[in-house]
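First the structure, in the form of structure tokens, and then the observations on it.
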Amino acid sequence: MNKKRSVNVLLLITILLFVVMYMAGIVIYGSKGFTHFQTFLNILINNAGLICVTCGMTCVMLTGGIDISVGSLVAMDCMIIAVGVTRWMWPAWALILFILAVGVLFGLVQGFCIAYLEIQPFIITMAGMFFARGMTAVLDVHQISVTDETFTKLSSLKITLPFGGYTNPKGMYVAPFIRISVIIALIVVLLTGFMLRKTRFGRSLYAVGGNQVSATLMGLDVKKTQLRAYMLSSVLTSIGGFCYVLNTMCGTTTQAVGMEMSAISSAVIGGTLLTGGVGTIIGSVFGVLINGTISSLVKFNGHLLASWANIVTAFLLMLFIVLQAVFAKIREMQKK
Amino acid sequence: MEDNVILTMRGICMTFPGVKALDHVDFTLRKGEIMALMGENGAGKSTLIKCLTGVNKYEAGEIHLEGIKGAIVNKDTLDAQKKGISTVYQEVNLCPNLSVAENLFIGREPMTKFHTVDRRAMNKRAEELMKSLNLPVDVRRKLEDYSIALQEMVAIARAVDMDSKVLILDEPTSSLDDQEVEKLFTMMRALKKKGVGIIFVTHFLEQVYEVCDSITVLRNGRLVGSYPVAELPRVRLVAAMLGKDFDDLAAIKTDSTEDKSKAPVYLEAKGLSHTGTIKPFDLTIHKGEVIGLTGLLGSGRSEMARVIYGADRASTGSISINGKPSKIKAPIDSMMLGMGMLPDDRKVEGIIGDLSVRENICLAIQAKAGIFKKIPMQKQIEIADKYIKLLEIKTASRETLVKQLSGGNQQKVILARWLATNCDFLILDEPTRGIDIGTKTEIQKLVIQLAKEGKSLIFISSEIEEMLRTCNRMVVLRDGAKVGEIEGRDMNQMSVMDAIAGGAEK
């Protein structure tokens with residue numbers, strides 16, 4: 001039962017925190033509609049892209065690395081799609097394949113530099129961050145709307161759920177809905193979660209993060225594992241970019257600024273250690289949900305500056321890092 | 001190839017910057033043979049093994065393995081493992097964040113038909129393996145939940161389970177206690193029966209004669225020779241390793257048994273304790289006295305030293321030094337009071353690999369002087385040279401980075417660091433672990449010399465013989481508590497063993 005005690009306690013705290021915050025929202029802003037199931041679904045819709053990106057980030061962080069290029073890469077993906085439909089006149093499917101290919105290539109270059117040239121991941125992905133942000137502006141400095149029919153259809157597609165609706169004051173039944181991006185995000189979550197727990201590659205990520213020297217000596221290909229982790233991160237980021245563009249339906253240079261930090265903070269709040277080797281996808285997802293709930297609460301308040309969300313996140317990050325340290329200490333003391 | 005030979009290495013050569021690490025070394029291993037690989041620090045044992053496992057690329061020579069035609073070249077450890085050469089290293093090389101079962105099977109997990117890791121099968125096989133080796137381990141728990149000794153056993157179990165033809169054990173016993181060593185030997189004998197060839201690297205002579213069939217001796221990167229155990233008595237083995245007339249260990253015990261209880265008291269601890277590691281104890285140390293702390297692994301020997309030094313802050317009790325009550329909250333306090341400590345986990349707590357030998361030696365005196373009073377270069381050079389010579393530290397120059405030195409020589413550098421501070425009281429926690437016999441003797445002599453100069457010392461070692469030779473008095477610990485002291489004439493192997501075992505359960 002207690003095979004993963006420490007992780008489970010942290011995960012439990014994360015989930016509990018989410019529930020408490022959400023309940024608080026219901027109590028305070030219940031009259032404004034926070035009780036509606038749709039509020040929760042909106043958090044999912046707004047953060048579908050971030051969820052995909054955080055899944056990739058978690059994999060990279062499990063190896064003990066970091067990828068701060070993801071925010072810029074999302075912006076570049078959005079811009080590629082915007083410019084692609086308006087100027088290059090490419091069909092939607094080609095553009096989607098293209099941004100996935102861009103993700104593969106991006107991750108390949110970054111991962112190669114980190115794994116085989118042994119360069120600090122922070123520096124390399126920072127270079128990637130500047131490159132992607134720069135390329136976004138080179139493609140176009142203005143805000144460009146995505147006008148393509150396929151994208152418009154995908155973006156406006158409402159998938160109504162058969163439960164959890166409410167009747168509005170006018171007596172009309174409002175069914176709750178999600179968007180295609182949420183489905184994509186859920187698939188990504190399921191697949192990465194499965195991959196981490198059940199596949200050899202997934203377990204290798206944990207091993208590499210646990211002790212790189214040991215992993216090598218036990219016969220794992222550490223470099224290949226690292227390379228793949230960064231490729232996975234960039235590909236999931238491109239998928240996240242696709243989800244993101246479905247929400248915003250435009251490309252601009254200032255999109256997804258700081259998204260890498262949101263992804264990192266979500267992963268950390270979800271129990272991923274920066275030193276690698278510890279973390280779960282489900283934890284990271286709850287990390288995103290907590291961040292999303294904070295923004296949602298600030299929005300519902302209506303008077304607060306959006307920056308208050310940052311301050312709350314800051315405190316949560318502190319709390320979780322302190323908790324991780326405390327648990328590590330307790331574990332050490334128990335051992336003695 | 002000769003009958004039954006499973007591994008031959010011929011004319012292996014390897015050069016590190018400035019050092020010929022291996023010079024035409026030959027090595028032969030037969031089926032079901034336990035071969036001890038012996039040599040001083042820097043003799044080339046580790047390098048030879050790394051050549052065999054593909055970690056180091058050798059420049060000349062070839063390796064043949066039974067069942068494979070032609071010379072083999074291992075690209076890396078994985079490649080070596082696939083060919084049937086498994087290694088268990090001195091430091092536990094597993095992943096503490098994974099479960100025991102995963103550590104046993106990572107890289108070769110049982111797979112389901114959907115090509116995913118079959119946890120149930122993996123855990124079951126891990127359980128069977130642990131059971132067959134008599135290890136009390138819950139394979140589902142994380143490895144970090146277990147002691148270093150158990151982790152090491154898991155590492156060996158991993159190698160055992162991989163159907164290796166050749167099993168390399170690189171100083172596996174340095175962190176195990178006697179019982180665990182015995183378990184390991186049982187394991188080794190069982191493997192021997194299965195026809196596995198075992199290369200056993202160790203510094204413990206007793207273990208060599210207990211379990212090995214033959215001995216290969218290296219010195220300064222050259223092969224001295226290979227002998228069946230029966231043809232190489234201890235004295236000759238030691239002589240072969242040292243390559244000089246063996247300075248009889250027994251001779252170093254001169255007048256160290258003399259009673260120091262009349263000498264002035266240097267340090268007195270009353271009711272000192274650290275919650276969770278060591279129960280309250282009293283201890284008096286006289287000037288010029290060497291106190292040995294003895295007990296089984298985990299009995300609290302290191303912990304007692306740590307709390308005296310302030311590395312763990314005392315929960316209760318008091319310390320007075322030279323009759324004056326002293327407050328020791330952290331190591332810097334005890335350093336200022338003239339104390340020094342050589343910790344047992346030198347990799348983590350002592351050495352700074354990217355600094356030079358000179359800088360490492362001068363670190364403690366610099367810390368004592370404060371960062372604003374830089375010690376003049378001329379003086380640093382003087383000090384460094386003095387101790388390099390005194391301790392015979394094998395280094396290309398005093399400016400060589402410490403990480404390029406062999407383990408034993410790194411140890412000497414840290415010892416030099418504390419000797420340089422000229423402190424009144426020195427705690428040496430396993431100063432001789434993992435180093436060769438020649439250096440061991442040197443260090444033992446040095447301890448006695450320091451005591452003669454009026455310094456007090458605490459000496460911790462797993463080898464009782466060594467402590468008997470150097471200590472005036474021995475403090476016995478069991479289960480985190482001080483259980484007795486043995487002095488003067490009463491000190492001998494039997495009395496100490498008895499005290500450690502406590503006559504409780506045998």
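Just so we're on the same page: letters track the sequence lines, and every chain starts at 1. Bear in mind the structure is a predicted one, so any value in this text is a computation, not a measurement.
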Residue, of B:L94, B:V55, B:L98, that accumulates the most heavy atom pairs under 4.5 Å with chain A | B:L94
Do the side chains of A:I264 and A:M57 get nearer than 4.5 Å, heavy atoms only?
-> yes
For the candidates A:R200, A:K198, A:M195, which exhibits the highest count of non-hydrogen atom pairs separated by less than 4.5 Å from chain B?
-> A:R200
Given that the side chain runs from C-beta out, which part of B:D118 has a heavy atom under 4.5 Å from chain A: side chain, backbone, both or neither?
-> neither
Could you state the interatomic distance from CZ (A:R228) to CG (A:D221), rounded to the nearest 0.5 Å?
-> 8.5 Å
Would you find a donor on one side and an acceptor on the other, under 3.5 Å apart, between the side chain of B:D312 and the backbone of B:H274?
-> no
Atom group of A:F201 that falls short of 4.5 Å from chain B, counting heavy atoms = neither
Does the side chain of A:T225 pick up a donor-acceptor pair with the side chain of A:S204 at under 3.5 Å?
-> no
So, A:T58 side chain and A:T54 main chain: donor-acceptor pair closer than 3.5 Å or not?
-> yes
Name the member of A:A215, A:A207, A:G202 that forms the most heavy-atom pairs with chain B at distances under 4.5 Å.
-> A:A207
